[in-house]
Amino acid sequence: MVLITGYVKMNGTEINIKKTGFLKEYFGTIFTSLSSLLTGMKLTGYYFIHPNKIITEQYPDNRATLKMAERFRGEVTLPHNENNEHRCNGCQSCEIACPNGSIKIVTKHEISEDGKKKKRIDTWVYHLEMCTFCNLCIEACPSKAIVMGKKFEHSVYDKSQLVKILNKPGSKVMKEAEE
Amino acid sequence: MEKLHLLFVFSFSWLASHLNMWLRTGIGNSFLLLVTEMLIAGISLLAFLVILCFFLGYMERKVAAFMEIRLGPNRVGPKGSLQIVADTVKLLFKEGLTPDGSDKFLFNLAPFVVVVTSMLAIAPLAFARDFQLWDVNIGIFYVTSISSMAVIGILMAGWSSSNKYSLIGAMRSGAQIVSYELSIGLSLISIVILSGSLRLSDIIQSQANGWWIFKGHIPVLISFIIFIIASTAEINRAPFDLTEAEQELTGGFHTEYAGMKFAMFLLSEYINLFIVSAIAATIFLGGWMPFHIGNLTGFNHAMDYIPSSLWFFGKTFFIIFIIMWFRWTFPRLRIDQLLNLEWKYLLPISMGNTLLVSAMAVFGWYL
Amino acid sequence: MTKEELKYKLGEISREAAFDETGEFLNVIIPSPELLPLIKPLRLNKEFYFDYLFCITCVDWKDYLSMVYHLTSTLHRHTCVVQATITDVHCPQIESVSGIWKTAELNENEIYDLFGVTFLNHPNLRRLFLGDQWKGYPLRKDYTDEHMILL
Amino acid sequence: MKKGKEENKIVFPGQLHESPEGGMLVTKLDEIVNWARSNSLWPLIFGTSCCAIEMMHAAGAKYDWSRFGFEVARATPRQADLIIVAGTIVMKMAPVLKRLYDQMPDPKYVIAMGACTISGGPFFYNTYSVVKGVDHIIPVDVYIPGCPPRPEALLHGMIALQEKIKHQPVFRKNKKEIHHDERRIKI
Amino acid sequence: MQMTRKPSDITTDAKSGEVLHHEGEFIINMGPQHPATHGVLHLKIWLEGETIKKIEPHLGYIHRGIEKMCERLSYRQFIFSTSRMDYLSAHINNQACALAVEKALGLEVPPRAKAIRIILAELTRIASHELWWACSGLDLGGVTPFFYAFREREAINDIMEETCGARLTQNFIVPGGVMSDLHHNFQKRVKRVLTQIKDNLHEYDEILTGNIIFQNRLKEVGYLSREDAISYGCTGPAARGSGLSCDIRKLYPYDGYEKLDFDEIIFNEGDCWARYRVRMAEILQSVHIIEQLIDSIPDGEFQAKTKNVIKLPKGQFYQRVETARGELGVFIVSDGAATPYRCKFRSPNFSNLSAIPQMAQGAKIGDLVAIMATVDLVIPDIDR
């Protein structure tokens with residue numbers, strides 16, 4: 001155990017007036033106080049005359065150049081390829097993994113060409129208004145069907161628009177992701 | 001030569017005298033003339049104050065922003081200059097509610113009292129050479145007595161809101177303004193002693209050969225510093241904004257005020273800021289007097305060509321900037337520390353300082 | 001003090017104490033009326049000196065409740081857990097320890113609020129989180145609320 | 001330069017569109033008042049949990065909502081125009097929030113920021129005390145999902161609110177002319 | 001206010017005859033919505049003039065029932081809910097839960113994962129202290145420090161976003177390690193941030209630490225003795241300012257803190273100024289910890305193999321970590337199922353809050369703000 005009793009000195013900050021007579025203490029206090037105040041004013045004054053230190057990013061104007069980090073979690077998306085196919089086979093692992101039930105997968109049974117009954121997704125409901133972007137559904141997905149999107153501008157005037165259906169109408173499962 | 005001077009320098013005094021002459025030819029009755037002149041002066045003063053408050057609000061936000069490494073308002077109007085206009089129009093059209101349980105008469109009266117008292121104090125100010133609304137012979141006395149009236153409005157607001165936070169804020173302001181009034185008075189008295197007059201125009205004239213802050217050596221510098229500190233406290237600005245103290249009292253005396261009534265408090269805050277800065281500029285920095293250095297006649301002549309109104313406003317805005325600088329740098333004091341500062345430091349020092357200045361005046365130790 | 005020493009010493013103080021050493025700390029399990037006689041010497045005796053009560057909680061075991069006190073000593077740096085069993089589920093009562101550790105005052109309020117355990121001799125027992133109008137004790141296992149608890 | 005600004009103009013889903021009605025003067029006055037209102041939204045300092053931190057970030061130097069004139073955060077509801085509900089609202093807090101909303105003078109706006117305020121979010125299931133959406137208590141103008149939303153997302157929501165205010169009638173009477181244009185998602 | 005007191009000035013309760021308040025006092029309610037309470041804390045304050053006579057905290061304005069919720073969540077899922085408790089040390093909270101599960105399972109975490117966890121935890125601590133510094137400046141009326149501290153916080157948040165995917169509630173930790181490997185920019189950016197912080201710390205001193213007004217607001221205000229700190233169960237910087245050694249990283253090391261060289265910062269004065277200095281020095285200590293690790297992150301796996309459905313053995317498990325505000329304890333009672341039987345979070349803020357009435361005895365309203373600022377409460381962590 002190391003006990004530090006002295007403050008880690010950073011650029012002479014502590015103001016301690018030694019007890020050396022009333023007048024000396026009185027005027028000492030005034031001078032140290034004024035100098036400590038002037039130090040602070042020096043800093044703000046420095047920034048006032050150095051506008052190049054401003055770090056503001058002007059959001060709606062910089063939308064063209066604004067890039068999110070590659071791991072940024074903005075929303076859950078179900079990518080479709082050009083043939084309107086996705087990789088989700090409706091195993092519902094994500095629904096189970098989701099801690100607050102923001103994923104609802106409605107499945108249906110399809111009969112394929114060889115006469116077998118197969119589980120397929122009917123609607124992939126995603127409650128954006130409840131999602132906490134914890135990434136557990138992405139981790140849980142065995143066929144890597146869902147990924148996190150980069151979009152973050154989701155503001156709406158109407159709450160019902162936040163409930164999203166991720167599979168596009170008429171979409172199918174990719175061949176390689178069927179089981 | 002005089003004409004040439006007018007070409008270069010737009011003079012307020014020229015404007016005032018011509019207006020006076022023009023009115024004199026139109027209106028024979030001297031009473032009517034006085035009323036018309038007062039009306040014109042009042043309306044132009046109001047317009048000036050509103051524009052001034054727009055400008056000060058914008059300036060404050062930009063100063064704050066630049067000290068805080070950010071941009072500040074820049075999307076409403078060119079470079080955000082219409083931001084305060086938008087705020088004002090919004091406050092105009094906002095519901096100005098009076099809370100139940102409040103003392104309705106006092107509640108609605110308080111903002112007007114505050115604004116009117118702060119506007120009254122502008123009367124004896126000299127904005128430019130020979131351009132003064134009311135050159136009263138007790139100018140400084142008038143200003144100090146009017147400015148201490150503001151506390152009545154604040155007390156009224158705090159009491160009538162029937163909100164405990166407002167009440168605490170109002171009580172704080174009472175203690176604060178009454179005590180800081182003393183050191184303001186004493187620091188002003190030091191200049192009165194030196195110049196020998198309470199009339200503001202005389203004080204400005206006494207600085208024709210040098211501003212008091214340069215002529216008066218260290219004692220005047222001390223009273224200047226005391227004046228700046230005490231007047232910051234007097235107008236309730238940070239670090240002495242205990243009456244509002246947003247983090248402690250959620251707004252202090254104006255917690256319950258909304259809409260235009262709240263805007264009045266903002267207005268009076270900026271007018272007060274302007275007034276104390278203008279007083280400081282007049283008393284210590286020579287008002288509209290240009291900057292002269294001893295015998296450098298060329299330099300002095302060049303300074304003379306800068307309009308006197310520019311000198312006045314330049315000095316005033318310099319002090320306004322310093323007070324804003326205080327606000328955006330320092331944390332707030334506690335109420336007992338605030339009173340300590342006044343009674344233990346500012347008041348004894350300014351008393352001693354007054355003695356020194358009297359000695360200076362008696363022995364003529366100034367330039 | 002090691003676990004064994006603690007166990008030996010504690011056994012001397014309280015006859016009815018049972019011990020559970022499976023976890024990280026030594027667990028002392030006692031019936032609820034035995035709490036104060038056991039816990040006072042734990043705090044006051046120089047050899048124990050459990051001055052730091054870092055966690056109080058309650059566990060609802062359906063047929064009984066058990067109050068769990070995690071104690072440690074800032075002097076000796078040893079830790080022990082006292083578990084007091086409250087058998088009366090419908091009207092659970094236990095002595096307050098807020099006179100011994102001041103931190104217990106708010107914590108016991110919380111437990112009173114969420115479990116319904118009444119603390120005797122508590123200076124200011126009130127429903128801390130949920131307010132007086134709330135019906136039921138939500139952290140009990142038999143708490144039902146069909147509007148809110150869906151899964 | 002102008003063209004670039006046009007491209008950057010954000011179109012919001014469910015944007016309000018009104019038909020051109022009303023007299024010339026009234027429309028102009030409406031425009032001025034709405035311009036002032038939308039550009040001077042003073043928020044109430046009301047943060048209950050994590051989203052409040054992102055709200056502070058939006059006030060911070062990097063995102064700097066003072067550019068829009070939002071920086072005058074008021075501690076008292078009397079002087080605020082906007083309440084940004086940032087964080088979970090629980091049963092005990094609901095009456096307080098309602099009261100704060102009632103204390104604000106008209107016109108007043110509400111932004112629901114974050115999953116908790118929109119729907120209860122992470123605490124939708126299995127908790128006994130969380131209000132499942134702040135719109136059960138007070139009317140909400142703009143919803144910003146996210147847990148917590150980025151500061152940029154908050155700014156996006158504030159701009160959305162500005163757009164909404166700009167289309168509100170002030171002196172005009174025929175309010176029913178305004179309708180929802182559904183699902184115009186174009187970004 | 002009123003100085004003399006007559007019997008008629010005392011208001012009593014009609015039923016119990018208990019004295020409610022004297023005429024000279026008045027009661028104000030600070031909160032639930034008040035800028036100084038940092039959220040939705042409600043303090044009922046008995047005042048005489050401006051002097052505080054008594055404080056009674058009223059909680060529950062953000063009581064969300066996380067403990068009940070956790071009883072229905074699996075061990076993978078319940079980690080995420082803890083980020084919402086003390087959101088300023090979200091990563092450290094997650095770490096506590098993961099450590100509790102790992103302790104129960106006897107799971108060995110790969111060294112790379114441990115190093116990543118510690119670096120991110122210390123970054124979180126720095127970010128949290130930055131926010132505390134910003135807000136304590138703001139609470140005491142200085143607005144500008146807020147912006148300087150948030151500049152550094154933004155830099156840390158950017159790192160978090162790049163590596164973990166979220167700025168504030170990262171949810172990067174899973175039982176057995178971390179969710180994914182480090183981003184390839186990570187080391188470079190962390191070093192840049194560390195130099196930025198070290199370069200800018202002198203600005204903090206110039207504008208706030210060295211300021212005479214600020215020091216006078218904090219010195220000899222809010223005194224908490226060591227005995228009271230122990231009795232109230234205070235932890236973290238709030239207790240270390242009172243001379244109580246309680247750094248879990250030193251006392252009960254976890255995730256490899258025992259191999260690192262750092263100091264536990266202790267001051268004995270027990271006032272707000274001591275608590276302030278503890279936190280300021282802790283920023284430097286955290287920088288020091290990261291500097292030791294950043295160039296020597298071991299190679300290897302970032303996650304230990306775990307079963308898909310985690311079931312803990314029967315028993316009671318207690319794990320504590322040092323968050324930015326003190327000791328967070330996770331107490332899990334397991335009955336062998338896939339969800340905890342009972343889950344209790346011993347939050348540092350709850351016990352620190354209980355000491356505030358003691359600290360604020362006889363202080364002014366402005367002092368209470370200073371006390372709240374230096375104790376640095378996060379209300380959702382108190383209410384859970």
Side-chain angles (χ1 to χ4, degrees), chain A residues 1-17 29-48 53-57 67-74 93 96-101 132-140 142 148 150 152, chain E residues 69 73-74 76-81 83-84 142 144 147-148 151 154 158 160-167 169 171-172 174 179-180 183 185 201-216 243 245 247 250-251 262-268 274 277-278 280-281 284-285 308:
Chain A
M1 200 79 44
V2 183
L3 283 171
I4 297 183
T5 43
Y7 173 47
V8 185
K9 272 273 178 193
M10 295 183 282
N11 278 0
T13 49
E14 193 129 6
I15 295 170
N16 278 324
I17 310 296
T29 317
I30 291 169
F31 281 110
T32 43
S33 319
L34 277 180
S35 72
S36 83
L37 296 180
L38 288 176
T39 327
M41 285 176 69
K42 203 180 105 200
L43 181 70
T44 43
Y46 170 80
Y47 279 117
F48 183 74
K53 299 266 180 188
I54 288 175
I55 56 165
T56 308
E57 292 173 4
K67 287 278 173 292
M68 289 293 113
E70 54 191 281
R71 287 181 191 173
F72 174 70
R73 306 171 193 155
S93 319
I96 296 163
C98 184
N100 60 337
T132 60
F133 313 102
C134 64
N135 215 23
L136 288 176
C137 51
I138 314 284
E139 294 271 301
M148 277 288 176
K150 304 272 172 292
F152 60 89
Chain E
M69 196 172 87
L73 292 178
S74 77
R76 277 185 196 282
Q77 288 170 345
F78 96 121
I79 290 178
F80 103 102
S81 69
S83 318
R84 273 83 192 168
T144 308
F147 294 90
Y148 296 164
R151 176 183 49 187
E154 282 293 347
D158 284 349
M160 290 294 184
E161 184 173 32
E162 196 176 61
T163 293
C164 313
R167 286 161 53 91
T169 49
N171 198 41
F172 192 55
V174 291
M179 202 172 254
S180 52
H183 194 269
N185 274 341
L201 266 181
H202 74 93
E203 291 183 355
Y204 293 26
D205 290 346
E206 282 165 18
I207 195 163
L208 219 54
T209 317
N211 191 307
I212 183 79
I213 302 173
F214 187 72
Q215 291 193 4
N216 281 339
S245 160
D247 196 333
K250 280 278 181 201
L251 294 175
F262 65 99
D263 295 336
E264 180 177 4
I265 316 291
I266 290 175
F267 283 89
N268 292 316
R277 283 178 296 166
V278 168
M280 289 307 273
L284 281 181
Q285 289 302 320
N308 219 355

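Below, read A as the first sequence line, B as the second, and so on, with proteins coming before strands; counting in each chain starts at 1.
Take E/F147 and apply the ring-ring contact (aromatic ring centres under 6.0 Å, His included) test, not counting sequence neighbours, and it matches no residue. Among residues two or more places apart in sequence or in another chain, the salt bridge (charged side-chain N to carboxylate O under 4.0 Å, His left out) test is passed with E/R167 by D/E54, E/E154.
Counting all heavy atoms, side chain and backbone alike, A/R71 lies closest to E/T163 at NH1-O, 2.7 Å. Of all heavy-atom pairs spanning E/K250 and E/F262, the tightest one is NZ-O, 2.7 Å.
Proximity to chain E is absent for every atom of A/I138, based on heavy atoms less than 4.5 angstrom apart. At a 4.5 Å heavy-atom cutoff, the contact between E/M179 and chain A is made by backbone and side-chain atoms alike. For E/S81, no part sits under 4.5 Å from any heavy atom of chain A, backbone or side chain. Residue A/F133: no heavy atom, backbone or side chain, is found under 4.5 Å from chain E. Contacts between A/M41 and chain E at a heavy-atom distance below 4.5 Å are absent for every atom of the residue. Heavy-atom distances place no part of A/Y46 under 4.5 Å from chain E, backbone and side chain included. Both the backbone and the side chain of A/T132 come within contact range of chain E, each with at least one heavy atom under 4.5 Å from a heavy atom of that chain.
For the pair A/K67 and A/F72, the cation-pi criterion (under 6.0 Å, within 45° of the ring axis) is not fulfilled.
Taken from CD1 in E/I207 to CG in A/L37, the straight-line distance is 11.5 Å, to the nearest 0.5 Å.
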